[in-house]
Amino acid sequence: MAIRAESNSTSIRNEGAQSLLRVSRLSKSYPGPQGALPVLRGVDLALDAGTSLALMGESGSGKSTLLHLVAGLDSADDGSIHIDGRETTALDDEGRAALRRRTLGVVFQQFNLVPSLTVGDNLSLQARLVGRHDPAWSDRLAQRLGLEHLLDRYPEQLSGGQQQRVAVGRALAPRPRLLLADEPTGNLDEATGDAVLDLLLELSATAGAAVLMVTHSARLAGRLDRRARLVAGRLVAP
Ligand SMILES: Nc1ncnc2c1ncn2[C@@H]1O[C@H](COP(=O)(O)OP(=O)(O)OP(=O)(O)O)[C@@H](O)[C@H]1O
Ligand SMILES: [Mg+2]
């Protein structure tokens, strides 16, 4: 079953033709002691620009695996991923990296901050790499994320929740068209988590970004446009 937003304008077009992200029959197994262990068994998903989807599911159900495949950081066994109409599964490593830089913002479950760079430099790193560094937007992000007093610190001098907010800011700095966020509020208290989600949804509403966010919180998931759950390797409506 393809999980899609209901919209009058899309129903008369080809299914998913204009979706920013389209995942079809995606499968992925990992090698296990008793042979291949299937994690994703034919995932279908379409996400339009300016819309958000909460990805839910038990621990170990494959949420991070799906995000890694969409980000082009790992390859699927079968199926396809289209981003902005281009099949990423057909690109080589360099092509995928270029697409990732140009179009994607990724917040990993492990924050992957650069330890030798200050908070300020971590925040602007991604945007500088793609020539989209905007000092005013960077300052605003730091302020919205409550990081403005921490810009000269190094990641190891931050709490887990502060590091998480730097990772969110770094992903948002280039104003990505597709944001993949793996439990971006997992280490935050309720009010801070809400503030971070406000920011993600604002980007979606004002810049037309598509947001795919993993969360275990039904309350936060309820604030996104749609929800889907990974069960036994497939996406189902919750
Ligand atoms: N590199 C790997 N090699 C082998 N097995 C892996 C690998 N990465 C993940 N797995 C397995 O794949 C399954 C899905 O893992 P994944 O990290 O995608 O789950 P998740 O839904 O993100 O869980 P969580 O909510 O705990 O973050 C798990 O059973 C995990 O042990
Ligand atoms: Mg995970």
Side-chain angles (χ1 to χ4, degrees), residues 1-3 21-47 52-81 83 88-89 93 96-97 100 104-113 155 159-172 176 178-190 192-194 196-197 200 210-224 226-238:
M1 172 178 61
I3 310 261
L21 169 65
R22 188 154 48 90
V23 172
S24 305
R25 302 184 315 278
L26 201 68
S27 298
K28 175 75 179 172
S29 299
Y30 288 115
Q34 263 100 45
L37 201 81
V39 176
L40 304 179
R41 302 164 178 255
V43 167
D44 291 316
L45 161 70
L47 189 60
S52 57
L53 173 70
L55 178 60
M56 308 184 76
E58 283 177 9
S59 180
S61 59
K63 304 180 297 297
S64 297
T65 299
L66 177 57
L67 257 58
H68 277 88
L69 292 177
V70 171
L73 297 166
D74 200 355
S75 47
D77 301 333
D78 205 359
S80 65
I81 300 168
I83 295 177
T88 67
T89 30
D93 284 354
R96 271 200 294 271
R100 196 160 56 236
L104 260 59
V106 186
V107 183
F108 296 101
Q109 206 166 1
Q110 297 82 15
F111 313 126
N112 295 352
L113 300 179
S159 74
Q162 289 167 339
Q163 291 183 36
Q164 184 151 43
R165 283 178 275 150
V166 178
V168 170
R170 181 179 60 178
L172 295 184
L178 173 59
L179 182 74
L180 308 172
D182 204 342
E183 290 192 66
T185 62
N187 289 270
L188 305 178
D189 62 75
E190 196 168 300
T192 313
D194 273 316
V196 165
L197 185 55
L200 302 190
V211 174
L212 177 55
M213 179 178 114
V214 174
T215 180
H216 286 287
S217 161
R219 190 182 65 82
L220 291 181
R223 295 189 52 202
L224 276 67
R226 292 183 296 148
R227 285 143 291 283
R229 183 175 292 277
L230 262 177
V231 179
R234 290 210 176 80
L235 263 191
V236 298

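Indexing begins at 1, ligand by ligand and atom by atom, following the structure's order. Keep in mind that this is a model prediction, so the values were computed, not measured.
Which parts of ligand 1 touch E58 is read off a 4.0 Å heavy-atom cut-off, strictly below it: atoms 21 (O). Close contacts of ligand 1 with Q109, meaning ligand atoms under 4.0 Å from a residue heavy atom, involve 27 (O).
Among the atoms of Q109, an N, O or S atom falls under 2.8 Å from the Mg ion (ligand 2). The distance from the Mg ion (ligand 2) to the nearest N/O/S atom of S64 is under 2.8 Å.
Between N187 and Q164, the shortest heavy-atom contact is N-OE1, 2.8 Å. Closest approach of A171 and L179 over heavy atoms only: CB-CD1, 3.9 Å. Annotation for L104 and A71: closest pair CD2-CA, 3.6 Å, computed over non-hydrogen atoms.
Around atom 12 (O) of ligand 1, the closest heavy atom drawn from L67, L66, V39, L40 belongs to V39. In the candidate list L55, D74, T65, T65 is nearest to atom 16 (P) of ligand 1, counting heavy atoms.
Among protein heavy atoms, the minimum distance from atom 21 (O) of ligand 1 is reached at K63 NZ, 2.7 Å. Looking from atom 26 (O) of ligand 1 to the surrounding protein, the closest heavy atom is S59 OG, 2.6 Å. For atom 17 (O) of ligand 1, the nearest non-hydrogen atom of the protein is S64 CB, 3.7 Å. Looking only at protein heavy atoms, the nearest one to atom 11 (C) of ligand 1 is Y30 CD1, 3.8 Å.
For the side-chain contact (heavy atoms from CB on, under 4.5 Å) criterion with L55, the lone passing option out of T215, L45, L67 is L67. The only member of V70, L26, T65 that meets side-chain contact (heavy atoms from CB on, under 4.5 Å) when paired with V43 is L26.
Using 4.0 Å as the threshold, G60 has a heavy atom nearer than that to some atom of ligand 1.
When non-hydrogen atoms are compared, ligand 1 lies under 4.0 Å from the side chain of H216 (C-beta onward) but not from its backbone.
Looking only at side-chain heavy atoms (C-beta outward), V214 and L66 stay at 4.5 Å or farther from each other. The closest side-chain heavy-atom distance from I81 to L21 is below 4.5 Å. Using a 4.5 Å heavy-atom threshold, the side chains of S24 and D44 count as touching.
Under the 4.0 Å distance rule, the nearest protein heavy atom to atom 30 (C) of ligand 1 falls outside the cut-off.
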- Message: For H216 and K63: C-alpha separation, side-chain torsions, deciding distance, then whether side chain to side chain contact (heavy atoms under 4.5 Å, CB included) applies.
- Response: CA-CA 11 Å; H216 286 287; K63 304 180 297 297; 3.8 Å; yes

